[in-house]
Amino acid sequence: MALLPQAFYRRDALTVAHDLIGTLLVRDEVVLRVTEVEAYRVGDTASHCRAGKTARNAPMWGPPGRAYIYLCYGLHQMLNLVTDEDGVGAAVLVRAAELVSGEATVLERRRWTRPLSPALLTGPGRVAQALGLDTTMNDHPLYRRGGLELHAAPAPRPLAVGPRIGIDYASPEDRQAPWRVAVAESRWVA
DNA sequence: AGAAGGATTCTCT
DNA sequence: GAGAATCCTTCTT
């Protein structure tokens with residue numbers, strides 16, 4: 001499988017967001033196909049970087065192709081992939097995925113008892129939990145072998161776009177911006 | 001030092 | 001659909 005190079009991430013977050021759909025998140029035996037993402041772009045009033053560099057969002061300002069993971073609502077880990085040039089704050093949030101392999105490990109990490117359904121992996125906290133991620137994985141490079149990796153795969157079509165979720169604090173323009181991207185026909189979408 | 005709020009999820013009804 | 005869980009980050013005093 002082809003590891004995506006760092007150059008893949010060194011572009012505008014919205015461009016990366018579109019190209020991210022269909023790629024494979026890989027950690028050991030667990031493989032997830034990305035089905036839904038949101039772009040948080042440079043100068044974005046919805047972005048964690050809107051108030052400048054802080055201890056929490058520092059990974060977003062670093063080199064592209066690395067992980068930015070943060071704790072939301074005190075309990076959910078959120079996985080972002082850092083984009084754009086080194087030194088500017090931008091990233092793409094992974095919101096949903098489809099199970100490709102590693103079912104046993106994912107079920108265990110998610111403490112899933114019900115019959116298999118898209119709810120297993122639709123939602124950013126669920127994806128991160130399925131991959132066993134937490135903030136100690138911050139700055140982890142996804143373009144190198146080892147730990148969490150991102151692999152190229154055929155791009156599903158068509159895609160659907162819409163406004164992002166849970167950003168009421170952003171400017172009206174940014175709230176409406178269609179920077180959420182998903183596989184149009186997948187059931188593995190929130 | 002204290003307070004507010006958050007890129008959510010789960011379990012009910 | 002509503003409410004609880006839960007704690008870090010950030011902003012204010």
Side-chain angles (χ1 to χ4, degrees), chain A residues 9 12-18 20-21 25 32 34-62 64 66-84 88-99 106-140 142 148 150 159-183 187-190:
Chain A
Y9 306 91
D12 180 273
L14 185 58
T15 306
V16 177
H18 277 83
L20 225 34
I21 301 294
L25 282 164
L32 308 183
V34 176
T35 55
E36 181 181 354
V37 299
E38 282 176 358
Y40 288 87
R41 305 172 79 188
V42 176
D44 190 343
T45 62
S47 170
H48 282 177
C49 293
R50 63 189 178 277
K53 190 169 175 178
T54 66
R56 178 176 70 159
N57 67 32
M60 284 183 73
W61 300 87
R66 304 201 172 201
Y68 166 47
I69 299 168
Y70 72 94
L71 187 64
C72 185
Y73 294 104
L75 34 154
H76 305 295
Q77 308 287 341
M78 304 277 139
L79 170 63
N80 298 256
L81 279 40
V82 178
T83 66
D84 291 71
V88 303
V92 175
L93 170 70
V94 180
R95 287 195 58 87
E98 174 185 349
L99 182 63
V106 170
L107 292 179
E108 184 183 338
R109 286 187 181 141
R110 294 274 296 112
R111 294 186 191 109
W112 192 262
T113 53
R114 290 178 286 162
L116 217 50
S117 85
L120 180 67
L121 292 170
T122 50
R126 292 165 172 170
V127 172
Q129 187 177 43
L131 289 165
L133 301 178
D134 60 50
T135 53
T136 63
M137 294 281 289
N138 257 320
D139 295 313
H140 178 87
L142 285 100
L148 184 63
L150 187 73
L159 302 184
V161 302
R164 294 168 293 175
I165 305 295
I167 53 162
D168 293 347
Y169 52 81
S171 74
E173 309 85 68
D174 287 344
R175 249 185 307 169
Q176 293 171 18
W179 297 346
R180 172 159 158 248
V181 185
V183 180
R187 286 177 55 248
W188 298 78
V189 167

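Numbered from 1 within each chain, the chains take letters A, B, ... in sequence-line order.
Atom CG in A/Asp44 sits roughly 12 Å away from atom P in B/dA7 (whole-Å rounding). For the pair A/Asp134 CG and C/dC7 C1', the interatomic distance rounds to 15 Å; values are reported in whole Å. With rounding to whole Å, A/Tyr68 atom OH is found 9 Å from B/dA7 atom C1'. One interatomic measurement links the two molecules: OH of A/Tyr70 to C1' of B/dG5, which rounds to 13 Å at whole-angstrom precision.
If you take CG on A/Leu71 and CG on A/Asp134, they are separated by 9.5 Å, rounding to the nearest 0.5 Å. Between the CH2 atom of A/Trp112 and the CZ atom of A/Arg126 there is a distance of 6.5 Å, given to the nearest 0.5 Å. Residue A/Leu20 holds its CG atom at 7.5 Å from CG of A/Leu25, rounded to the nearest 0.5 Å. In this structure, A/Leu148 CG and A/Leu133 CG are separated by 5.5 Å, a value rounded to the nearest 0.5 Å. With rounding to the nearest 0.5 Å, the separation of CG in A/Leu32 from CG in A/Leu120 is 8.5 Å. How far CD1 of A/Ile165 is from CD of A/Glu38: 6.0 Å, rounded to the nearest 0.5 Å.
For A/Asn138 against A/Ile69, the heavy-atom pair with the smallest separation is OD1-N, 2.7 Å. Residues A/Asn57 and A/Cys49 approach most closely at ND2-CA, 3.8 Å, considering heavy atoms. When all heavy atoms of A/Leu159 and A/Val183 are compared, the closest pair comes out as CD2-CA, 4.2 Å. Smallest separation of non-hydrogen atoms from A/Tyr40 and A/Ser47: CD2-CA, 3.9 Å. Annotation for A/Leu121 and A/Glu98: closest pair CD1-C, 3.9 Å, computed over non-hydrogen atoms. Contact detail for A/Ile167 and A/Asp174: the closest heavy-atom pair is CD1-O, 3.9 Å.
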### Message
Using side-chain contact (heavy atoms from CB on, under 4.5 Å), reason through A/Val181 and A/Val92 one step at a time and then give a plain yes or no.
### Response
CA-CA 10 Å; A/Val181 185; A/Val92 175; over 6 Å; no
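Stems are defined here as 3 or more consecutive Watson-Crick or G-U wobble pairs with pairing distances under 3.5 Å; those involving DNA chain C are B:1-6 with C:7-12, B:8-12 with C:1-5.
Here A/Arg110 lies in heavy-atom contact (under 4.0 Å) with sugar-phosphate atoms only.
Listed by first and then second residue, the salt bridge (Lys or Arg N to Asp or Glu O under 4.0 Å) pairs involving residues 110-120 of chain A amount to none (not counting sequence neighbours).
Ion pair A/Arg164/A/Asp44 flagged as a salt bridge, since at least one NZ, NE, NH1 or NH2 atom sits closer than 4.0 Å to an Asp/Glu carboxylate oxygen.
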At a cut-off of 3.5 Å, list every protein nitrogen or oxygen paired with a nitrogen or oxygen from nucleotides 9-13 of chain C, distance to 0.1 Å.
from, atom 1, to, atom 2, distance (Å)
C/dT9, O3', A/Arg56, NE, 3.4
C/dT10, OP1, A/Thr54, OG1, 2.1
C/dT10, OP2, A/Thr54, OG1, 3.3

Is there any protein nitrogen or oxygen under 3.5 Å from a nitrogen or oxygen in nucleotides 11-13 of chain B, and what are the pairs?
none

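The stretch residues 73-83 of chain A touches DNA chain C through A/Tyr73, A/Gly74, A/Leu75, each having a heavy atom within less than 4.0 Å of the strand. The stretch residues 159-168 of chain A touches DNA chain B through A/Ile165, A/Gly166, A/Ile167, each having a heavy atom within less than 4.0 Å of the strand.
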